[in-house]
Structure formats: C-alpha cells, structure tokens
Amino acid sequence: MFKKPKKLERNVKIVQRGKRNCVYGTKVVWATILIVCFSVALSCRVERFRKMTVFVYVPEAQQVWLNQHVKKFGLKHNWKIEISTSNKLENLPEILRLETRTGEKNVGLVCVPSEMAKSLVKSGLIKPLIEVCNPEKLETDFSEYLSVARAECKIDGKYYYLPDRLEVFLLFYVKSKVREVVQHWSIYRTQINTLLRNYNRFGLPRGYQLEADPNQWDFFDLVVVGYYFSHTPYDGLLVPRLAHRGRYYAGTVHELVTRIFAMGGNKSNLSSLLADPVVDMLQWESLFVKEQFYHPEMWDSGWAGNEILWQIIRKHVFVAYLQPNELFRINESRQYFDSIGIAVLPKGVSLEIGADGQPQRIGTRKSALHGWYWGIPVTSPDPKFSYKLARFITSFNLQMEAAFSFGSMTVRQDVLDKIVKSSDTSWNYQVFRMGQKQLKTGVEIIPDYLAHGSVGVSLLNLWRDICVQNHLVDRRRIKAVLKTYMEKTKQPSTY
C-alpha cells in the first residue's frame with residue numbers, strides 16, 4: 001500500500017489548517033460586517049425618531065397611565081413623546097411664547113383649562129385646527145363629542161381645541177344621616193324659624209317641608225339640614241357637617257360661581273359684582289358661616305377636594321359639593337361609613353321672602369361647567385401628528401378607560417351612551433349617570449372674567465371679607481362693601 005512521505009503529509013496538514021483558518025476568518029469578517037450594518041441601521045432608526053413634548057395637568061396616577069399609552073402610540077409613528085407635568089399651569093403661556101421667540105419646536109400638544117383657552121388663542125399661541133385638518137373631517141370628528149363639550153372648542157367661529165374631560169359639581173350626602181334629619185328635623189322648626197326671621201323677617205317659606213329626596217332640595221333645605229347637624233352630636237362630637245372648598249385657589253372660585261349660577265346668574269347678568277345673584281350668594285354664605293353650618297376648618301385649614309374627602313372618611317362631613325372624579329375616589333373608602341348618595345345640586349332661591357310667603361327670587365340647579373381641552377401650539381414640530389395624537393387620547397377606548405380608572409367625566413357621546421344604557425348599578429355607574437343628569441338639569445360655562453385673573457381673586461377676597469370674617473348677611477351692608485372694594489381696587493363696575 002502506498003504510504004505518503006512524512007514531508008508531504010506535513011504539507012497537507014498545513015494546507016488543511018490554512019483552509020480552516022481561512023473559513024474562520026471569512027466568518028469573522030462577515031460577522032463584523034453584519035454587526036456594523038446592524039449598528040448603522042439601528043442608529044438610523046434612532047435618528048428617525050422625532051421628539052415631542054406634551055403638557056398635561058392630571059393626578060400622578062393618571063399621568064403614568066397616559067404616559068404609557070402615548071409612548072406606545074408615538075413609537076408606532078416614529079415619535080418619542082415626553083409627557084410633562086413639572087411646570088406650573090400659569091407658566092404655560094410663557095413657555096409657548098419662549099418657543100415662538102427662539103424658534104424651537106418641542107411642545108406639540110397642551111391640555112389647558114377652559115378659562116385659559118381663549119387667552120392663548122388671542123395671544124396667537126394656538127393653531128386653528130382648520131390648518132391641520134380639512135373641514136369635512138373636522139365636522140365628522142367633532143360629531144363624536146358631546147355638544148356641551150364642543151362649545152368651548154370654537155372661538156370666533158373656528159375650532160382651536162379638542163375636548164378632553166369635563167368637571168361639574170354634584171351633591172354628596174350620607175343617606176342615613178339625611179333620613180334622620182327628614183324624620184326628626186321638626187323638633188327644631190321653631191328655632192329655625194326664629195333664626196331665619198332675624199334675616200328675612202319671615203322664617204321658612206310658607207308651607208315648608210323638608211323633601212326626603214335631596215334631588216328636590218333648595219337652599220332652605222340646606223339651612224334645615226345644616227342646623228340639625230350642627231345641633232346634634234355624632235360619636236360624641238358636636239361640629240358643623242356641611243362643607244365646601246375654602247382654599248385660596250381656583251377650585252373655590254368654581255364653587256362660589258356655581259352658587260351664583262344657582263341664584264339665577266348667567267353670562268348676561270353677571271357683568272357686575274353688584275348683580276342680585278352675587279349678593280344672594282354672599283348672603284347665604286355669610287348665614288351659613290355665622291350660624292356655624294359650615295365646618296370652620298374649610299377656611300382655617302384651606303380645604304380643597306382632597307381634604308373634604310378625608311373629612312368624609314373620618315365621618316366629620318355629611319353633605320358637600322363634589323366633582324365626579326372625587327366621588328369616584330370615595331368608592332375606595334366606602335367601608336368607613338354606611339350608605340352614601342349623590343344628587344343634582346340644590347335649587348338656588350333668595351333668602352328674602354315675598355308677600356306670598358315664598359322666596360322673592362327663584363334660581364336654578366345649575367352647576368358651573370369647567371373643562372380641559374387639547375390645543376396644538378403654533379410651534380408644534382408636526383401639527384398633523386399633534387392632531388392625530390389628540391384624537392387618539394380622546395378615542396372611545398381611552399376615554400372609557402380614563403372614566404373607570406380615574407373618574408374622568410367623558411366628552412364622548414358614545415361613551416356616555418354606553419354608561420347610561422348599562423344596567424350596572426355599581427357606585428361608579430351611579431356617579432356618571434348623575435353627572436349626565438346634572439348636564440341635562442343645567443350647567444353654565446364659567447365666564448373668563450370670573451374664572452381667571454383679578455375678578456376670580458376679587459371673588460375670593462370678597463367671600464373672605466364679607467362672609468368668613470365679618471358675617472354680613474344684610475344686603476345693604478354687602479352692597480356697600482362691594483362698592484367700596486371696587487373703588488379701592490379700581491375694579492370696573494362691569495366686565
């Protein structure tokens with residue numbers, strides 16, 4: 001048998017080793033090329049992602065939820081979206097002006113309250129939607145929203161905003177405590193009549209009876225309920241059980257304006273702080289403070305919605321005005337007390353009684369309507385995508401999820417229809433159905449001059465001065481203070 005020479009065998013091995021090294025080297029080269037190509041491709045993909053900031057003002061939990069949805073939506077469309085809530089709301093106009101001056105294009109969408117919406121448009125900071133969407137599509141898109149939500153989106157005949165969520169007030173009450181008052185209030189009838197006679201020379205209206213259903217109440221019913229609670233100890237504690245916001249902030253302005261609307265106020269007759277609805281509201285507020293129907297901590301400690309909720313949980317407050325998102329949160333703590341109820345707001349009436357034994361002025365059950373709206377800044381990096389994003393945020397699925405996760409009052413007709421038509425009787429559904437009932441019963445959009453700026457501050461100052469500090473119930477004295485205040489602060493008599 002032929003045998004290879006050792007030298008030849010050694011050469012063959014060297015050649016084979018060389019081939020293996022060559023194959024290995026080729027693989028390394030190709031792997032390196034693939035890694036480089038992938039890195040370049042990835043780099044190109046990262047560079048394709050454009051950046052956009054969205055300004056929104058919601059509770060932290062809702063911010064996290066929104067951030068998750070918005071980021072996913074952005075990535076699908078090659079956008080890296082950042083949700084920002086760090087800046088104070090009052091700083092938003094200056095942030096948008098700064099972008100206009102510097103030419104930077106970072107902010108693509110802003111969620112603003114109704115009282116700020118018009119001023120941003122007048123300042124030229126918000127883009128008309130007709131510039132980013134054709135008229136036919138705009139009308140189709142807006143047909144999905146509630147008419148009451150669309151009202152503030154249009155300014156000077158043009159759409160500038162998409163609606164996000166609404167806020168109204170409802171009456172919260174503890175059912176067992178109200179039943180108790182209905183059954184036993186008459187033991188105090190004489191005292192209540194005597195008390196009211198000091199202010200209106202008559203007492204309770206002729207033929208008065210406390211309605212068992214809070215949906216039928218007016219302000220005289222609140223007097224009866226407030227008197228009974230403040231004269232009846234519960235758990236060994238004798239304190240007032242009615243409350244509303246008292247902090248020096250916009251929420252208290254909204255509550256006071258709601259009471260002005262209840263007294264018959266509206267945009268047309270609220271052009272003066274001396275109007276009857278304003279004076280009627282201040283009369284009732286002074287009476288409730290003076291006679292200790294309101295819990296004093298609401299102004300001493302500056303209660304906002306969260307503080308009122310805490311006092312409800314502690315069983316210190318039995319009746320209050322609350323918004324749907326606040327009522328929604330009560331559900332988490334229902335184990336702390338028995339049965340809770342909600343109703344539309346009490347009807348406003350005058351403290352003064354006419355010759356027929358009935359209130360001289362009859363008002364409404366209206367609530368102030370406050371809303372939040374999505375606007376596209378004129379400096380948006382991509383206005384068309386901003387519009388698409390706003391439509392996504394206000395889509396059926398997200399509005400439904402926001403409603404049942406955070407108690408946000410929807411702006412969509414289809415979401416509201418689904419809630420109203422549902423046979424579900426759980427607390428959350430009750431809240432939304434009552435919110436819809438309040439919308440039908442009556443709401444009034446807060447005028448800019450009352451909700452924003454110096455007039456809102458004036459209303460807070462006057463409430464503090466007339467009601468909290470001096471307990472002025474006499475109409476003539478209230479009007480005298482109003483006139484003096486307007487002269488000192490150089491407030492115009494009309495707005």
Report task. Would you please indicate yes or no on a ring centroid separation below 6.0 angstrom for Tyr234 and Phe318? Result -> yes
Requested in this report: Compute the ring centroids of Phe219 and Trp284, then answer whether they are less than 6.0 Å apart.
Outcome: yes
**Report entry** No-hydrogen, no-angle side-chain donor-acceptor test under 3.5 Å, Glu167 and Trp372
**Finding:** yes
Query - Contacts of Trp463 that satisfy ring pair (Phe, Tyr, Trp, His ring centres under 6.0 Å) - sequence neighbours left out - result: His244
Query raised in the report: Just how far is it from atom CG of Leu129 to atom OH of Tyr161, taken to the nearest 0.5 Å?
Result: 9.5 Å
Query raised in the report: For the residue pair Tyr173 and Trp217, does the interplanar ring angle fall in the parallel (under 30°), tilted (30 to 60°) or perpendicular (over 60°) class?
Result: tilted
Query raised in the report: Heavy atoms, side chains only, cut-off 4.5 Å: are Leu195 and Tyr227 in contact?
Result: yes
Query raised in the report: Looking only at heavy atoms, which two atoms of Leu282 and Leu482 are closest? And how far apart?
Result: CD1-CD2, 4.1 Å
Report summary line: Shortest non-hydrogen pair, Leu125 vs Pro93, comes out as CD1-O, 3.8 Å
Report task. Look at the side chain of Arg150 and the backbone N and O of Tyr145, then say whether any donor-acceptor pair between them is shorter than 3.5 Å. Result -> yes
Query raised in the report: Would Arg391 and Glu144 satisfy salt bridge (Lys or Arg N to Asp or Glu O under 4.0 Å), going step by step from the backbone distance to the final call?
Result: CA-CA 11 Å; Arg391 284 285 293 161; Glu144 298 175 2; 3.0 Å; yes
Report task. Determine, for Tyr159 and Lys154, whether the Lys NZ or Arg CZ falls below 6.0 Å from the six-membered ring centre while staying within 45 degrees of the axis. Result -> yes
Requested in this report: Considering non-hydrogen atoms only, spot the tightest contact between Met434 and Asn215 and give its length.
Outcome: SD-OD1, 4.0 Å
Query raised in the report: Which value, rounded to the nearest 0.5 Å, describes the distance between Tyr228 atom OH and Gln183 atom CD?
Result: 8.5 Å
Query raised in the report: Any side-chain donor paired with an acceptor under 3.5 Å for Asn470 and Arg477?
Result: no
Report task. Could you pull out the closest heavy-atom pair between Ile308 and Arg245, with the gap in Å? Result -> CD1-N, 3.7 Å
Report task. Would you give the length of the straight line joining atom CH2 of Trp374 to atom SG of Cys153, rounded to the nearest 0.5 angstrom? Result -> 13.0 Å
Report summary line: The reported gap from CD1 in Ile445 to CD in Glu115 (rounded to nearest 0.5 angstrom) is 12.0 Å
Query raised in the report: With distance as the sole test, does Ser350 use its side chain to make a donor-acceptor pair with the main-chain N or O of Pro359 at under 3.5 Å?
Result: no
Report task. Assert yes or no for the condition that the ring centre distance of Phe404 to Tyr429 is strictly below 6.0 Å. Result -> yes
Query raised in the report: Given Asp276 and Arg475, is the salt bridge (Lys or Arg N to Asp or Glu O under 4.0 Å) satisfied, shown in steps?
Result: CA-CA 10 Å; Asp276 277 339; Arg475 292 182 71 82; 2.9 Å; yes
Query - Worked verdict on Arg314 versus Asp235 for salt bridge (Lys or Arg N to Asp or Glu O under 4.0 Å) - result: CA-CA 11 Å; Arg314 295 181 67 199; Asp235 298 324; over 6 Å; no
Query raised in the report: Would you say the side chains of Ser143 and Gln413 form a donor-acceptor pair under 3.5 Å?
Result: no
Query - Closest non-hydrogen atom pair, Gln292 against Ser230 - result: O-CB, 3.4 Å
Report task. For the pair Leu204 and Val224, evaluate side-chain contact (heavy atoms from CB on, under 4.5 Å) and give the outcome as yes or no after the intermediate values. Result -> CA-CA 9 Å; Leu204 289 166; Val224 170; 4.1 Å; yes
Query raised in the report: Under 3.5 Å, side chain of Thr252 to main-chain N/O of Tyr248, donor-acceptor pair present?
Result: no
Query raised in the report: Judged by modelled atom types alone, do Tyr485 and Asn461 share a side-chain donor-acceptor pair under 3.5 Å?
Result: yes
Query raised in the report: Which residue pairs pass the side-chain hydrogen bond (donor to acceptor under 3.5 Å, both in side chains) test with at least one member in residues 201-212, sequence neighbours excluded?
Result: Tyr208-Asp221
Query raised in the report: Ring centroid separation for His316 and Trp310, is it under 6.0 angstrom?
Result: no
Report task. Could you tell me whether the side chain of Leu439 reaches within less than 4.5 Å of the side chain of Met409, counting heavy atoms only? Result -> yes
Report task. On the 0 to 90° scale, with breaks at 30° and 60°, tag the Tyr188-His231 ring pair as parallel, tilted or perpendicular. Result -> tilted
Requested in this report: Look up atom CG in Leu120 and atom NZ in Lys118, then write down how far apart they are to the nearest 0.5 Å.
Outcome: 12.5 Å
Query - Asp474 and Tyr199 side chains, donor-acceptor separation under 3.5 Å - result: no
Requested in this report: Apply side-chain contact (heavy atoms from CB on, under 4.5 Å) to Ile340 and Lys175, showing your working.
Outcome: CA-CA 5 Å; Ile340 54 180; Lys175 288 182 178 179; 6.0 Å; no
Query raised in the report: Can you find a side-chain donor-acceptor pair between Thr53 and Ser84 that sits under 3.5 Å?
Result: no
Query raised in the report: Which distance, rounded to the nearest 0.5 Å, do you find between the CG of Leu170 and the OG of Ser367?
Result: 7.0 Å
Report summary line: side-chain contact (heavy atoms from CB on, under 4.5 Å) test vs Phe432 passes for just one of Leu416, Thr410, Leu327, Ile419, namely Ile419
Requested in this report: Please report the C-alpha distance between Arg247 and Glu307 in whole Å, then the side-chain angles of each, then the deciding distance to 0.1 Å, and finally whether the salt bridge (Lys or Arg N to Asp or Glu O under 4.0 Å) criterion is met.
Outcome: CA-CA 10 Å; Arg247 181 176 296 175; Glu307 287 73 24; 3.1 Å; yes
Query raised in the report: Relative to Tyr321, does Arg259 satisfy both conditions: NZ or CZ under 6.0 angstrom from the six-membered ring centre, and within 45 degrees of the ring's axis?
Result: yes
**Report entry** Test item: Arg241 side-chain N/O and Lys315 main-chain N/O as donor-acceptor pair under 3.5 Å
**Finding:** yes
**Report entry** Working for side-chain contact (heavy atoms from CB on, under 4.5 Å), residues Leu287 and Phe293
**Finding:** CA-CA 8 Å; Leu287 188 152; Phe293 299 160; 3.7 Å; yes
Query - Closest contact, heavy atoms only, Ile330 versus Leu322 - result: CD1-CD1, 3.8 Å
Query raised in the report: In chain order, what residues pass the side-chain hydrogen bond (donor to acceptor under 3.5 Å, both in side chains) check against Asn193, with sequence neighbours excluded?
Result: none
Report task. Verify side-chain contact (heavy atoms from CB on, under 4.5 Å) between Ile126 and Ile376, making sure each step is shown before the conclusion. Result -> CA-CA 6 Å; Ile126 300 296; Ile376 302 173; 5.6 Å; no
Query raised in the report: Does one side chain, of Tyr57 or Gln63, offer a donor that lies under 3.5 Å from an acceptor on the other?
Result: no
